[in-house]
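Values below: every heavy atom of this structure, side chains too, minus hydrogens, waters and symmetry copies. Numbers restart at 1 for each chain; the letters A, B, ... are given by sequence-line order, proteins then strands.
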There are 2 protein chains.
Amino acid sequence: MLHDPSQLDLMFQALADPARRQMVDRLSRGPASVSQLAEPLAMSLSAVVQHLNVLEASGLVRTEKLGRVRTCQIEPKALRAAENWINERRLAWERRLDRLGDFLAETKDES
Amino acid sequence: MLHDPSQLDLMFQALADPARRQMVDRLSRGPASVSQLAEPLAMSLSAVVQHLNVLEASGLVRTEKLGRVRTCQIEPKALRAAENWINERRLAWERRLDRLGDFLAETKDES
DNA sequence: TCAATAGTGAAGTAATTACTTCAGTATTGC
DNA sequence: GCAATACTGAAGTAATTACTTCACTATTGA
């Protein structure tokens, strides 16, 4: 583990924690402040800020501070990047299965 | 960090490592043995087996041993579950933006 | 101006992770 | 039976993670 971590590493790592997924889930329904994100979570505000920093470093969340309130938003492009990585592998696998099915059907015809 | 980890935790955690993503990528092109998975990776076979166990525990990969060869396959249902979690949040966010757009358009009409 | 609010930052701890090496077992093919 | 192959398992190490608490700064509003 000496890798300097890619964006995909950071995004999947960020999504691997239930508290962070809960934060993303909350943000999927609209922007929120740090305290609003913290409210349903059974942990200190400091812990929430640390989770938020992980989310921000991953690119999944963008934040902006106005006055004393830090407002957080989802970054859908990042979400889409993670989604696409999985989707491409799954589709490759399914296309392969389709080809295999075609091949088996053909060889059956020829027998 | 006292959670007993959900399947989503395990799947995203599994995908957060580049070696494991490389293994999933390889498997998306068809089944492979442990040594075939290990071949392009610059680490010991033992390390690869440990990564493979993480992938298997997450449900993303299924393995079956015949004789002395352990053959590994992608489990597309699990891949789809991870994909869907992200997709649902992203869609929620985009639907919200659409409604916001509609609202702004309406209030503009009324002014 | 002062108190409440909103968040930041550092330090410490326990658990987990990503490897390594080395020694082992099970299977295959000659 | 024996050597090569294919993998397994345990133990150790360094780095990272998920928190905690406590002390702190910046902003707001009466």
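- Which of C/dT28, C/dA6, C/dT20 sits closest to the side chain of A/Arg68 comes down to C/dA6.
- No side-chain donor-acceptor contact under 3.5 Å links A/Arg20 to the backbone of A/His51.
- Along DNA chain C, the nucleotide nearest to A/Val49 and the one nearest to B/Val48 differ in position, and the one closer to the 5' end is contacted by A/Val49.
- Nearest-nucleotide assignment on DNA chain D puts the 5′-proximal partner with B/Gln36, out of B/Gln36 and A/Ala42.
- Rounded to whole Å, the distance from CG on B/Asp9 to P on C/dT17 is 11 Å.
- Atom CG of B/Leu52 and atom P of D/dT8 are 8 Å apart (whole Å).
- When each of A/Leu66 and A/Gln50 is assigned the nucleotide of DNA chain D with its nearest heavy atom, A/Gln50 is the one assigned upstream, toward the 5' end.
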Worked verdict on A/Arg70 versus A/Glu64 for salt bridge (charged side-chain N to carboxylate O under 4.0 Å, His left out)
CA-CA 6 Å; A/Arg70 183 169 164 201; A/Glu64 194 182 1; over 6 Å; no

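- Set against C/dT21, C/dA6, C/dG9, the side chain of A/Ser46 has C/dG9 as its closest nucleotide.
- The CD atom of A/Glu39 sits 12 Å away from the P atom of C/dA6 (whole-angstrom rounding).
- Side-chain proximity of A/Lys65 to the nucleotides C/dT8, C/dA6, D/dT8 is greatest for C/dT8.
- At whole-Å resolution of the value, CG in A/Leu41 and C1' in D/dT20 are 15 Å apart.
- The phosphate of C/dT8 (OP1 or OP2) has a side-chain N or O of A/Arg70 nearer than 4.0 angstrom.
- Here the P atom of nucleotide C/dT16 and the CG atom of B/Asp17 are 18 Å apart, to the nearest Å.
- Close to C/dT20, at under 4.0 Å from its OP1 or OP2, lies a side-chain N or O of B/Ser44.
- At whole-Å resolution of the value, CD in A/Gln13 and P in D/dA15 are 18 Å apart.
- Side-chain atoms of B/Glu56 and B/Thr63 form a donor-acceptor pair, as typed in the model, at a separation below 3.5 Å.
- Ionic pairing of A/Arg80 and B/Glu94 is present here: one or more N-O contacts between side-chain nitrogen and carboxylate oxygen are shorter than 4.0 angstrom.
- Atom CD of A/Gln22 and atom P of D/dA18 are 15 Å apart (whole Å).
- In this structure, A/His51 does not reach the D/dT17 phosphate: none of its side-chain N or O atoms is under 4.0 Å from OP1 or OP2.
- The separation between A/Leu45 atom CG and D/dT21 atom P is 12 Å, rounded to whole Å.
- Atoms CD and CG, from B/Gln7 and B/Leu60 in turn, are 8.0 Å apart once rounded to the nearest 0.5 Å.
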